[in-house]
Every structure is written in C-alpha cells, then in structure tokens.
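Below is one structure; the comments refer to it alone.
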Amino acid sequence: MSLTEIAIVGAAETTRMGKVPELSQIGLHADAALNALADCGLSIRDVDGIATAGHDVAEIAEYLGITPTWADGTSVGGCSFITHVRHAAAALKAGLCTTVLITHGESGRSDNRGHRPLFPAQMQQEFENVYGARFPPIKFPLPVMRKMKDHGLTEEQLAMVAVVQREWAGFHPRATARDPMTVDDVLNSRMIAYPFRKLMCCLVSDGGGALVLTTSERAQDFPTKPVYLRGMGGECTQGPMVSQMEDFTSSKAFRISGKLAFENAGISTADVDHLMIYDAFAHLPIYGLEDLGFVAPGEAGSFIAEGHTRPGGSLPLNTNGGGLSYMHSGMYGMYALQEGVRQMRGVSPAQIENAKISMVHGVGGMFSAASTVVLTNEKD
C-alpha cells in the first residue's frame, strides 16, 4: 500500500496578516479559502469536502457557497487544522469526497468575530478559572516551573527559543516581528506570569490560511507542486485541565500523536529534515523536541541554546518564526502547516536545502490535545 495516497495541492494564507480590522472572522476564512483555491487553479464549485475549527463549519460552507458531501468541525484548539489534514485524508481514501478545503480565519487582534474557540471548557471554568487561572499565560507556567525544577530548564534557555525563532522570522517578509533580538532583550521584556516575559509569549494577530487536499492520483493535474501526506499522522487528547496533567514535564498527547505519526510514516527522527512545533509560548518547542523523541527528556533547552535549531543548525525548527514572531491569531496550527508546505514545495523564504520530509506538530489548549503529520515532496 502506498504511503503517499493523499496530496496537498493548494495552500495560502490571507492576503494580509497582523492587523486586518476591515475583515470579520468569516471574511478571513473566505479570503484564505479563495487564495488557496486560486493557488491550485480550482474554484468553489470543485469543493465537496470542508473542514474548519473555531467556527461553525456549516456556516463557513454556506458563506462560501459549498454544499459538501463531507464536513468536519472537529475543534480541539490550535492543532485542529493538523487534525483536519488527517481526517480529510481518511475521507478522501474512503471516497466520501474528492476535494477537501480546510479553512482557518481568526480576528484575534481586531476581535471582529461572532464565534469564539471552544475554550474555556466546562471543567476549566469549574475547577481552574475560579481560582484565577483563566488565561494561557497563567495556566502554562504550572508545568513549566516543574520542568525547571526537575529538568533544570533555565529562563535563559526559554529566552533562546524566542531569539532563535526571531532569526528565522528575519527571512520572511510577511513575519510580524523581524528585528533581531538577544537573550537579554527577552529577559528584560515585561513580566507576564513567571517565568514568561512578553517576548516569550505569542503574538496576537488577525489572519487565516487554507489548504486544498485531494488524492495523489489527481495531484499531477494541478499547476502547483504536490506535497504528499506520508502516512496518516497521529492525534491524541489528554483533557482540558493543565492542572491534571499526568506528568508536568511531558505531554502524553504529544508522545502518543508523535509515535503514531512516526510509525505510519515509516520514518525515524533521523529522517526529518524540517520540523514545525506549535509555539504559542517559548516552552512548547522544548516539550515537543523531547516528547517526539528528537532529544532525551531534559535536553531540549540546551539543544536549542547550543544552536542546533537555528539557521544553519542540524534540525531547522519553526522556520517561519513561529507564533512568537511570524503570527499567531489564536489557533496557530494552520500557519505551521503552511510553512511545512512551503518547505516541501521549495519556496519558503527560509528554504532548507534538499529538504524531503517535514514534520508538523501542534498543541491544542493547555496540552489538552496534539496532532502530528508528516509531509514529503517525494511520492513512494
């Protein structure tokens, strides 16, 4: 059986990102969708499968003029769109549809939206929010401080995550923050919630993105270079409350989704040329590197600080600058996918030479969900 039966043939972000006050949330969805369809020479009439998160999928379909034979509104946080890639692949393989459009749009900065994502969950409201832990910058320090105590993770190492990703953002004209910065700059930025300083926290942006998927048999019919889904990826949920994690130093959802993705892609960490790890905050690439098996537990902070993930390093990571420097509308997974596609097409402003395999890994909520997919530009 082929490992590359499904291909991404269209990929695009919204025409503008950052601050787009003139567009509503649904308008951002539409802008991204039309851009992705134009990228591969299709129209709305060609789409019979649709997926989205953070917004009613039926409303997006109606607004775009799509009457789908397959729809997916799975919404597990920012990794939902990575999950949609996996679900769309299953639907295409089963013949439930022929062409899937995955859309994302979010007015995170201008707040021109009628819908909001699924968080906070009922359990969060009942058992965490009432004690003051209402927002991600307040919730995430709980596991991070345990990691600092048990694994020796330092504030300087957290700062280096932001510094290295700013280096990558400097290659991207569309990145929100491109000016170089130092560890001291990060550590001297405003304290948000210990140990997070402002520059360790994600941007707040308006924007969106969309993908078009179909079978690999059809992929050669399009003007764009196909990017193949190798295997089916992996997904897992762990529960909405960060306070109830099984282990504060590791994410079970990360480990399971990553293991599944590696197994059904038939690869190991040594085969990965390019890596995208969702980075709403500076600690997430550290957890991702360890839980996906690229380094041993407790080693990711020093691995990044030593320069292995920066331009010219052995493992290019978050080459668009990530949610810390590229953009972050609230649900970032779509933008990680977009950079993975660009790298596999060979068109990223921060292109990795001879890259053949890209892994895209995302988190939903406060470690409550995870999704992982493997992209390649080689058909087996």
Student check: side-chain heavy atoms of P143 and V242 closer than 4.5 Å: yes

H361-S371 side chain donor-acceptor pair, cut-off 3.5 Å: no

Is it the case that over 12 heavy atoms from other parts of the model lie below 6.0 angstrom from the NZ atom of K259? no

Would you say L203 and L324 make side-chain contact, with heavy atoms under 4.5 Å? no

Compare all side-chain heavy atoms of R146 with those of H151 and state whether any distance is below 4.5 angstrom. no

Determine, using the 4.5 Å side-chain heavy-atom cutoff (strictly less than), whether V360 and I357 are members of one ILVMFWY cluster. yes

In the structure I gave you, are the side-chain heavy atoms of F303 and I286 within less than 4.5 Å of one another anywhere? no

Using a distance-only test with no angle check, is there a side-chain donor-acceptor pair under 3.5 angstrom linking H328 and S205? no

Could you tell me if R166 and S325 have a donor-acceptor pair between their side chains, going purely by distance under 3.5 Å? yes

E62 atom CD: more than 12 heavy-atom contacts under 6.0 Å: no

Single-linkage hydrophobic cluster, 4.5 Å side-chain cutoff, V341 and F171 together: yes

Between T99 and D48, is any side-chain donor less than 3.5 angstrom from a side-chain acceptor? no

Between Y228 (side chain) and L375 (backbone), is there a donor-acceptor pair under 3.5 Å? no

Give a yes-or-no answer on whether the side chains of H104 and S329 include a donor-acceptor pair shorter than 3.5 Å. yes

With a 4.5 Å cut-off on side-chain heavy-atom distances among I, L, V, M, F, W and Y, is there a chain of contacts connecting L289 to M245? yes

Using modelled atom types only, decide if a donor and an acceptor are shared between the side chain of N112 and the backbone of S24 within a distance under 3.5 Å. no

Looking only at the side chains, is there a donor atom on one of N129 and Q124 sitting less than 3.5 Å from an acceptor on the other? no

F222-L34 co-clustered via ILVMFWY side chain contacts under 4.5 Å: yes

About how many Å separate OG1 of T249 and CG of D150, when rounded to the nearest 0.5 Å? 6.5 Å

Whether S250 side chain and D247 backbone form a donor-acceptor pair below 3.5 Å: no

Distance alone, cut at 3.5 Å: any donor-acceptor contact between the side chains of Q343 and T319? yes

Any donor-acceptor N/O pair, T269 side chain to F294 backbone, under 3.5 Å: no

With a 6.0 Å cut-off on ring centres, are F254 and F367 close enough? yes

Going by atom types only, do H172 and N320 share a side-chain donor-acceptor pair under 3.5 Å? no

Within a strict 4.5 Å, meaning less than it, do heavy atoms of the V100 and V212 side chains meet? no

Ignoring hydrogens and geometry, is there a side-chain-to-backbone donor-acceptor pair from K198 to R190 under 3.5 Å? no

Is there a donor-acceptor pair closer than 3.5 Å between any side-chain N or O of T309 and the backbone N or O of L317? no

Between K147 and E290 (salt bridge meaning N to carboxylate O under 4.0 Å), is one present in this structure? yes

Distance from D279 atom CG to M200 atom CE, nearest 0.5 Å? 13.5 Å

Interatomic distance, I26 atom CD1 to S107 atom OG [nearest 0.5 angstrom]: 12.5 Å

Indicate whether the side chain of E339 and that of S348 have a donor and an acceptor atom separated by less than 3.5 Å. yes

Check for me, please, whether Y194 and I138 land in the same ILVMFWY cluster - side-chain distances under 4.5 Å, paths through other members count. no

Within-4.5 Å side-chain heavy-atom neighbours: L211 and L101: no

So, are E13 and R174 salt-bridged, with charged N and O less than 4.0 Å apart? yes

Could you tell me whether R255 and E246 have a side-chain N and a carboxylate O separated by less than 4.0 Å? yes

Any side-chain donor paired with an acceptor under 3.5 Å for S110 and D206? yes

Kindly state each residue pair satisfying salt bridge (Lys or Arg N to Asp or Glu O under 4.0 Å) with at least one member in residues 23-42, sequence neighbours excluded. D39-R345

Ion pair check, E217 and K379, cut-off under 4.0 Å: no

Donor on one side chain, acceptor on other, E59 and H55, under 3.5 Å: yes

For atom CE of M181, is the number of surrounding heavy atoms from other residues, nucleotides or ligands below 6.0 Å larger than 12? yes

L23: hydrophobic cluster co-members (side-chain, 4.5 Å): V20, L28

Under a plain distance cut-off of 3.5 Å, with no hydrogens placed, do E128 and S243 share a side-chain donor-acceptor pair? yes

Distance, nearest 0.5 Å, that separates CG of D221 from OG1 of T214: 8.5 Å

Quick one: does any side-chain atom of R86 pair with a main-chain N or O of M232 as donor and acceptor, under 3.5 Å? yes

How far does OG1 of T4 sit from CG of N377, to the nearest 0.5 angstrom? 11.0 Å

Quick check: does any side chain N or O of R218 sit under 3.5 Å from a backbone N or O of T98, one acting as donor and the other as acceptor? yes

S251 and D291: side-chain donor and acceptor closer than 3.5 Å? no

Is there a donor-acceptor pair under 3.5 Å between the side chain of R197 and the backbone N or O of V186? no

Considering only heavy atoms from C-beta outward, does the side chain of P68 approach that of V47 to under 4.5 Å? no

Count the heavy atoms belonging to other residues, nucleotides or ligands that lie under 6.0 Å from CD of E22, then report whether that count exceeds 12. yes

Donor-acceptor contact present, side-chain D380 to main-chain L3, <3.5 Å: yes

Relative to each other, are the rings of H84 and F81 parallel, tilted or perpendicular (30° and 60° limits)? perpendicular

If you take the centroid of each ring, where Trp contributes its six-membered ring, are F140 and H283 closer together than 6.0 Å? yes

Just checking, is any N or O donor in the side chain of D184 or T182 under 3.5 Å from an acceptor N or O on the other one? no

Side-chain H-bond candidate by donor/acceptor type, E106 with H29, under 3.5 Å: no

Would you say the side chains of T372 and S257 form a donor-acceptor pair under 3.5 Å? yes

Compare all side-chain heavy atoms of I267 with those of R230 and state whether any distance is below 4.5 angstrom. yes

